[in-house]
Amino acid sequence: MKVIVAGAGYAGTLAANRLAKKAPGAEITVVNPRPDFVERVRLHQRLAGTGRASTPLAEMLRDGIRTRQAAVEKIGDGCVILDGGETLDFDYLVLAVGSTLSPLPGTVPVGTWEGAEQARETLAALPAGGAVTVVGAGPTGIETAAEVAHARPGLTVRLVGRGFAAGLSEKARRRVRTGLERLNVTVLDDVVTEVRDAGEGAAEVRLESGGRIASDLVLWAVIGGVPDLAARSGLEVDERGRALVDEYLRSAGDPRIVVAGDCAAVPGSRMSCQTAEPQGVHAADTVARMIQGRPLKPYSVDYVATCISLGRRDGVIQPSHRDDSPRRRFLAGRAAAVTKEGVVRSARFSARTGIGATGLPGSK
């Protein structure tokens with residue numbers, strides 16, 4: 001049996017490694033545009049110069065799993081067409097191409113390897129007294145602003161966005177805000193409408209309220225959507241372009257295709273590695289069961305917590321109910337930072353071994 005895994009993020013890498021154990025006779029090929037596994041939840045550390053965020057796929061995948069460095073241009077009837085024109089046949093396909101960013105012109109996206117590298121180089125060249133603006137008040141924006149402020153205390157760091165830490169309880173949100181204030185991060189409840197070139201590498205950030213901010217680097221930390229691969233391949237998609245799936249994570253239009261991660265339209269799920277890894281597990285198990293002719297099992301969403309780091313020595317962990325709604329209590333401070341680091345390491349370990357997800361999320 002030929003199985004192609006499109007995408008080597010958390011969902012795809014874990015699915016490939018798990019399937020190699022569950023269906024040892026399958027011929028598995030991972031197709032990914034980069035030769036590396038990128039820990040997206042560490043990209044804010046990469047750009048701030050406080051950590052690494054990539055590992056060669058050769059070190060992440062089990063022996064016997066093949067790799068092709070390419071992007072899938074289109075999914076056909078039992079085949080995928082690569083961006084170089086080559087066609088690969090499959091009996092089953094795991095679609096795990098993740099999410100995309102749609103940065104405002106003049107900003108640098110922090111959720112991609114290329115964007116993080118560009119931001120890292122620019123940030124390293126900024127002198128003391130420079131200004132950095134982070135757009136997006138979700139976990140990625142919060143972690144990015146905190147990491148930059150922690151690594152470069154001589155810079156002015158602002159975080160701009162609506163819905164600050166929206167997934168947390170009110171007390172946990174206040175604690176996150178306090179942690180940012182300790183790092184001298186200014187939080188603005190506003191919307192960035194335009195970024196204009198102010199000359200000599202500087203920018204003018206224009207706000208919906210009418211305000212204007214001078215900045216030397218503007219970082220975009222808002223998830224835009226998903227690749228249009230499923231839509232342009234003729235698969236059934238929702239209004240956001242995510243592939244519609246049945247209760248087993250199989251494509252609504254083609255049961256040979258199993259979808260996992262950000263590009264899967266699973267009711268009640270959100271974009272995070274906590275979502276990606278359990279779905280990667282289930283995708284692998286579904287494919288293995290189909291290969292072996294065994295009954296399929298339905299997938300169910302089950303969230304445990306949201307973790308936010310605030311530099312290297314502080315953080316907030318918000319336990320949640322299964323439906324992802326926040327519980328009353330939360331953990332903060334150094335203990336939360338240590339726990340978050342453990343969760344991120346565990347997520348990488350799960351992807352490498354295929355043994356299953358940790359149940360706690362890193363940010364995305």
Side-chain angles (χ1 to χ4, degrees), residues 9 33-56 100-161 179-188 192 194-205 212-224 308-315 337 340-341 344-345 348 362-364:
R34 293 187 51 79
D36 304 311
F37 168 77
V38 174
E39 294 180 79
R40 195 167 180 178
V41 296
R42 284 198 189 275
L43 286 177
H44 63 289
Q45 296 176 23
R46 174 65 182 174
L47 72 86
T50 58
R52 53 176 296 182
S54 69
T55 305
T100 60
L101 299 174
S102 300
L104 199 66
T107 69
V108 180
V110 301
T112 67
W113 175 262
E114 293 76 14
E117 283 294 275
Q118 180 183 345
R120 183 177 67 86
E121 294 176 5
T122 303
L123 185 66
L126 290 184
V132 177
T133 301
V134 180
V135 183
T140 300
I142 292 169
E143 290 194 329
T144 300
E147 202 73 25
V148 170
H150 171 82
R152 296 290 306 277
L155 298 177
T156 297
V157 182
R158 300 181 181 89
L159 176 68
V160 183
L180 290 175
E181 290 173 352
R182 290 173 180 170
L183 292 168
N184 295 316
V185 175
T186 301
V187 179
L188 301 176
V192 174
E194 185 181 9
V195 177
R196 291 193 175 185
D197 184 357
E200 299 183 355
E204 181 185 77
V205 181
R212 299 182 182 185
I213 300 172
S215 188
D216 298 295
L217 175 62
V218 185
L219 301 175
W220 185 263
V222 181
I223 295 176
I308 297 178
S309 64
L310 297 168
R312 298 294 83 213
R313 297 189 292 270
D314 192 12
K340 169 64 187 292
E341 176 61 25
V344 173
R345 292 185 181 186
R348 182 185 181 280
S363 69
K364 197 169 178 209

Find the distance between CG (Leu126) and OG1 (Thr156) and round it off to the nearest 0.5 Å.
11.0 Å
side-chain contact (heavy atoms from CB on, under 4.5 Å) filter on Ala53, not counting sequence neighbours, yields Arg42, Leu43, Arg46, Trp113
List in chain and number order the residues that pass side-chain contact (heavy atoms from CB on, under 4.5 Å) with Ala202, two or more places apart in sequence or in another chain; answer none if no residue qualifies.
Ala198, Asp216
Counting C-beta onward and ignoring hydrogens, is there a side-chain heavy-atom pair between Gln45 and Glu143 closer than 4.5 Å?
no
Taking all atoms of both residues into account, what is the closest heavy-atom pair of Ala146 and Gly311, and its distance?
CB-N, 3.6 Å
Applying side chain to side chain contact (heavy atoms under 4.5 Å, CB included), run through Val160 and Val205 and close with a yes or a no.
CA-CA 10 Å; Val160 183; Val205 181; 5.8 Å; no
State, to 0.1 Å, how close Leu183 and Leu310 come at their nearest heavy-atom pair, and which atoms those are.
CD1-O, 3.9 Å
Residue pair Val135 / Leu104, side-chain heavy-atom distance below 4.5 Å:
no
Is the shortest side-chain heavy-atom distance between Arg196 and Arg212 below 4.5 Å?
no
Would Arg34 and Ser54 count as a side chain to side chain donor-acceptor pair (under 3.5 Å) if you check the C-alpha gap in whole Å, the side-chain angles of each, and the deciding distance to 0.1 Å?
CA-CA 10 Å; Arg34 293 187 51 79; Ser54 69; 5.5 Å; no
How close do Gly115 and Val108 get, counting heavy atoms only, and between which atoms?
O-CG1, 3.3 Å
Just checking, any donor-acceptor pair under 3.5 angstrom between side chains of Arg158 and Ser215?
no
Does the distance from a Lys or Arg side-chain N to an Asp or Glu carboxylate O, for Glu39 and Arg52, drop under 4.0 Å?
no
Quick check on side chain to side chain contact (heavy atoms under 4.5 Å, CB included): which of Leu159, Leu217, Ile213 does Thr133 satisfy it with?
Ile213
Search all heavy atoms of Arg40 against all heavy atoms of Gly111 and return the closest pair with its distance.
NE-O, 3.0 Å
Measure the shortest side-chain to side-chain distance between Arg312 and Glu147 over non-hydrogen atoms and say whether it is less than 4.5 angstrom.
yes
Name the residue from Val134, Leu101, Thr140 that meets the side chain to side chain contact (heavy atoms under 4.5 Å, CB included) definition with Val110.
Thr140
State, to 0.1 Å, how close Asp314 and Arg182 come at their nearest heavy-atom pair, and which atoms those are.
OD2-NH1, 4.3 Å
Rounding to 0.5 Å, atoms OG1 (Thr122) and CD (Glu117) come to a distance of 11.0 Å
Please give me the minimum heavy-atom distance between His44 and Leu47, naming the atom from each residue.
O-CG, 3.5 Å
